[in-house]
Amino acid sequence: MELGKNWLKGICAGTLIFGIVAMPLAAQDKEKAPAKKHKISHKKKTHTKKTRKAKKLPPPIEMPTTPPPVQVDKSVPTEPSGPIPGRPYDETTWRGFHSDWNGQYHFNAGKYYYDDEFKYQAQIPSEFSSVASRFGGVATLENDPTLVFTGDAGEPYPILDYNSDRYKSDKRLKLKSAYFGRAYFWRDGFRYDRKLIVNDKGARCFQFVKHP
């Protein structure tokens with residue numbers, strides 16, 4: 001009977017001691033468990049992020065597009081960007097290429113040029129020979145001192161004579177009035193300007209004087 005009691009006491013004491021010892025261990029396991037889970041979850045998150053970065057594709061590279069070639073219609077002639085040597089140009093066209101042109105010409109071998117190297121031929125208005133060609137040529141003037149002259153000026157031509165000669169049938173007089181109906185003309189590389197003067201008889205006259 002006493003042996004049974006002692007055996008029961010021994011079991012109870014052992015159970016109590018085991019409970020005392022096991023309680024701190026269980027508490028420690030509970031404290032360690034969340035930390036471990038946190039570590040695991042952290043590692044998983046890190047791993048997930050790395051995986052996403054690795055899978056991220058670079059933006060597509062846009063290749064430069066070349067414009068289609070411009071088709072030039074060969075049937076339409078293109079305008080030259082500058083004058084062509086050897087081709088005659090009138091004053092208006094030449095000024096389109098050279099807005100700062102001073103209005104002077106260069107004379108060589110019976111022709112007028114815009115440049116002193118005689119590459120660009122000029123078509124000038126009121127050229128002496130071209131005006132005369134409409135009325136039978138320069139020989140028609142028969143050495144008229146008002147136009148065919150040596151020196152810097154011709155003889156005065158009364159305005160009354162000019163007004164009457166314009167309507168006469170004589171080719172010589174028509175040619176003479178055709179010259180004096182112009183403000184100037186070019187001859188042998190020189191320009192002659194028409195001036196209004198009064199002669200020694202008091203009559204109003206036209207006179208061509210070499211341009212200074």
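Scanning for side-chain hydrogen bond (donor to acceptor under 3.5 Å, both in side chains) contacts around Arg191 gives Asp193, with sequence neighbours left out. Here Arg182 pairs with Ser126 under the side-chain hydrogen bond (donor to acceptor under 3.5 Å, both in side chains) rule; sequence neighbours left out. Checked against side-chain contact (heavy atoms from CB on, under 4.5 Å), Gln121 has the following partners two or more places apart in sequence or in another chain: Pro88, Lys111, Tyr113. Scored by the side-chain contact (heavy atoms from CB on, under 4.5 Å) test, Asp170 finds Arg172, Leu173 as partners (sequence neighbours excluded). By the side-chain contact (heavy atoms from CB on, under 4.5 Å) test, Pro145 is found to be paired with Glu155, residues two or more places apart in sequence or in another chain being considered.
Taking CG of Leu147 as the start and OH of Tyr179 as the end, the distance is 7.0 Å to the nearest 0.5 Å. Considering CG of Asp188 and CZ of Phe128, their distance stands at 8.5 Å, rounded to 0.5 Å. Note that CZ of Arg187 and CD of Glu127 are 10.0 Å apart. Values are rounded to the nearest 0.5 Å. Rounded to the nearest 0.5 angstrom, Asp90 CG and Gln123 CD are separated by 6.0 Å. Atoms NE2 and CD, on His211 and Gln104 in that order, are 6.0 Å from each other to the nearest 0.5 Å.
When all heavy atoms of Gly154 and Gln207 are compared, the closest pair comes out as O-NE2, 2.7 Å. When all heavy atoms of Lys174 and Ser169 are compared, the closest pair comes out as CE-CA, 4.1 Å. Of all heavy-atom pairs between His98 and Pro83, the closest is CE1-CG, 3.8 Å. Nearest heavy-atom pair across Arg194 and Gly181 is NH1-C, 3.7 Å. In terms of heavy atoms, Val131 sits closest to Leu175 at O-CD1, 4.0 Å. Taking every heavy atom of both residues into account, Cys205 and Pro158 meet most closely at SG-CA, 3.7 Å.
Side-chain N/O atoms of Asp144 and Thr146 include a donor and acceptor closer than 3.5 Å.
Summarising the local packing, NZ of Lys171 is surrounded by 12 or fewer heavy atoms from other residues, nucleotides or ligands at distances under 6.0 Å. Summarising the local packing, CG of Asn163 is surrounded by more than 12 heavy atoms from other residues, nucleotides or ligands at distances under 6.0 Å.
Using the six-membered ring where Trp is involved, Tyr192 and Phe149 have ring planes that are perpendicular, over 60° apart on the 30 and 60° scheme.
Cluster annotation: Leu160 is not connected to Phe208 through the hydrophobic network of ILVMFWY side chains, with a link wherever side-chain heavy atoms come within less than 4.5 Å. Cluster annotation: Leu141 is connected to Phe190 through the hydrophobic network of ILVMFWY side chains, with a link wherever side-chain heavy atoms come within less than 4.5 Å. Leu196 and Val209 are assigned to two separate hydrophobic clusters, defined by single-linkage of ILVMFWY side chains at heavy-atom distances under 4.5 Å.
Centroid-to-centroid, the aromatic rings of Phe180 and Tyr162 stay 6.0 Å apart or farther. You'll find the ring centres of Tyr157 and Phe206 outside the 6.0 Å limit.
Counting Ile, Leu, Val, Met, Phe, Trp and Tyr side chains that sit under 4.5 Å apart, directly or through other members, Tyr89 shares a hydrophobic cluster with Ile84, Trp94, Phe97, Trp101, Tyr105, Phe107, Tyr112, Tyr114, Tyr120, Ile124, Tyr184, Trp186.
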